[in-house]
Asks: 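Dumping the structure here so I can ask a few things about it.
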2 protein chains.
Amino acid sequence: MEKKRNAFEANIAAIKLMIEQDGLVPGDRIPSERELAERLSISRPSVREALRTLAYLGIVETRHGGGSFLLNRDDHTYIQIIAQFLVTGDSKFEDLAGTLRLLEQAALTQLDDLSVLAPVVSSDAAFRETLIQTVDNDLFERIWRQVNAFHKSFGQGELYTQAEREQLLNRP
Amino acid sequence: MEKKRNAFEANIAAIKLMIEQDGLVPGDRIPSERELAERLSISRPSVREALRTLAYLGIVETRHGGGSFLLNRDDHTYIQIIAQFLVTGDSKFEDLAGTLRLLEQAALTQLDDLSVLAPVVSSDAAFRETLIQTVDNDLFERIWRQVNAFHKSFGQGELYTQAEREQLLNRP
DNA sequence: CGGTGGCATTGGTCAGACCAATTACCCCTT
DNA sequence: AAGGGGTAATTGGTCTGACCAATGCCACCG
């Protein structure tokens, strides 16, 4: 019952919970701001503060006069938006590349048949995409995809050179 | 110039620009909501919608009665936000355990000196915690921590048996 | 039957008010 | 003069109500 402390975040959680309980799926329209305010017993400005944050994170989309809609999880743009604030993020950029290498290294140790990678060894993106999909773990794949999107938002090129990719296929 | 399209995002950009132009550094106090509204020629509710989003992303912190302060970028709570959305909803439980194993497998391949793990081989939690820390990658560690927390919330016990942990130390 | 204009709905923005927490400041005591 | 305490000003938190702007629905008209 820690009520008073985080009313704002509680409102965000309440809206997300309501979306869940109403069984809304991506593309569905969510209740109007006025209806949300009434159902949650909060004011419309409070609803809006939560809704704008969700919209900024790319979880919902609002159309003037039309309503608010639940977006696909893959449409989330918050990573690019957050990256906008990381003007001095060079030190953390190494974390991104390092994490990607770790994730892909893990996938590689799981892989028995390396032949599936041979056709895509010439493309960095396709090579890594294929590698991750061999794991067949939805959560793992989502994590990789988000980190990769974050990494790409910094405008970097290939993660491995062609020679590195070929070497990875011969090692294990 | 700028279109009417995205007044909200324009407000966020304007606040960010003002922070830059005022030469504010992490820890500094930013102008009050009322002053921001006046300087940007927008209403206080509009200022609040932008500020609340920045606060949710961990870029600023607001203290009731005290003001709003610029946070250190190294806090990067945005990673927590990203992780929070990665590990919500329909993640299958077996994906959680599988992802943890993958992450720890990746850490293991990076580790040269296995002796640091010997003292903690008797404890599943300590073993895995120590293993992750050897990577020295903040983003990687946070991702692991979030997945592990979610896994624990399902009330599961040890991820590896004692025999499995000892085997991991002898393999490479 | 199709187009179209009006009206209800919904998001966008604003002004003002009041409460709650914090901070600043002045005055009194020592 | 220095320190402490209490009060007023400042600031964020929330709400009410209002009006504008964009959209969508639907009855009406051609």
Asks: Starting at atom CD of A:Glu38, determine the distance to atom P of D:dG17, rounded to an integer number of angstrom.
Replies: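 Between P of D:dG17 and CD of A:Glu38: 13 Å.
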Asks: Please report, rounded to the nearest Å, how far the C1' atom of D:dT10 is from the CG atom of B:Leu36.
Replies: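 Taking CG of B:Leu36 and C1' of D:dT10, I get 15 Å after rounding.
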Asks: Taking side chain to side chain donor-acceptor pair (under 3.5 Å) as the test, write out the residues that go with B:Thr109, two or more places apart.
Replies: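 Result, side chain to side chain donor-acceptor pair (under 3.5 Å) vs B:Thr109: none returned.
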Asks: Quick check: does any side chain N or O of A:Asn11 sit under 3.5 Å from a backbone N or O of A:Ala7, one acting as donor and the other as acceptor?
Replies: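 Yes, A:Asn11 side chain to A:Ala7 backbone: donor-acceptor pair under 3.5 Å.
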Asks: Tell me every residue that passes salt bridge (Lys or Arg N to Asp or Glu O under 4.0 Å) with B:Arg39, counting only those two or more places apart in sequence or in another chain.
Replies: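 Listed in chain order: B:Asp22, B:Glu35.
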Asks: Quick test: give all pairs of protein nitrogen or oxygen and nucleotides 6-11 of chain C nitrogen or oxygen below 3.5 Å, distance rounded to 0.1 Å.
Replies:
unit_1: C:dG11; atom_1: OP2; unit_2: A:Glu33; atom_2: N; d: 2.8
unit_1: C:dG11; atom_1: O4'; unit_2: A:Gly65; atom_2: N; d: 3.4
unit_1: C:dG11; atom_1: N7; unit_2: A:Arg34; atom_2: NH1; d: 3.0
unit_1: C:dG11; atom_1: O6; unit_2: A:Arg34; atom_2: NH2; d: 3.2
unit_1: C:dG11; atom_1: N2; unit_2: A:His64; atom_2: NE2; d: 3.1
unit_1: C:dG11; atom_1: N3; unit_2: A:His64; atom_2: NE2; d: 3.3

Asks: What residues, two or more places apart in sequence or in another chain, satisfy side chain to side chain donor-acceptor pair (under 3.5 Å) together with B:Glu33?
Replies: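 B:Glu33 satisfies side chain to side chain donor-acceptor pair (under 3.5 Å) with B:Arg44, B:Arg48 only.
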Asks: Provide, to the nearest angstrom, the distance between the CD atom belonging to A:Glu49 and the P atom belonging to D:dT14.
Replies: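 Distance, rounded to whole Å: 7 Å.
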Asks: Report the residues that fulfil side chain to side chain donor-acceptor pair (under 3.5 Å) with B:Ser68, sequence neighbours left out, ordered by chain and then residue number.
Replies: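 Partners of B:Ser68 by the side chain to side chain donor-acceptor pair (under 3.5 Å) criterion come out as none, since no residue qualifies.
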Asks: According to a strict under-4.0 Å criterion, is A:Ser46 in side-chain N/O contact with OP1 or OP2 of D:dG13?
Replies: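 Answer is no, no contact under 4.0 Å.
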Asks: Can you tell me how far C1' of C:dT13 sits from CG of B:Leu40, to the nearest Å?
Replies: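 Rounded to whole Å, this separation is 15 Å.
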Asks: Determine all donor-acceptor pairs shorter than 3.5 Å in which one atom belongs to a side chain in residues 115-127 of chain A; sequence neighbours excluded.
Replies:
unit_1: A:Ser115; atom_1: OG; unit_2: A:Asp113; atom_2: OD1; d: 2.8
unit_1: A:Ser115; atom_1: OG; unit_2: A:Asp113; atom_2: OD2; d: 2.8
unit_1: A:Ser123; atom_1: OG; unit_2: A:Ala126; atom_2: N; d: 3.1
unit_1: A:Asp124; atom_1: OD1; unit_2: A:Tyr160; atom_2: N; d: 3.1
unit_1: A:Asp124; atom_1: OD1; unit_2: A:Arg165; atom_2: NH1; d: 3.2
unit_1: A:Asp124; atom_1: OD2; unit_2: A:Arg128; atom_2: NH1; d: 3.2
unit_1: A:Asp124; atom_1: OD2; unit_2: A:Leu159; atom_2: N; d: 3.0

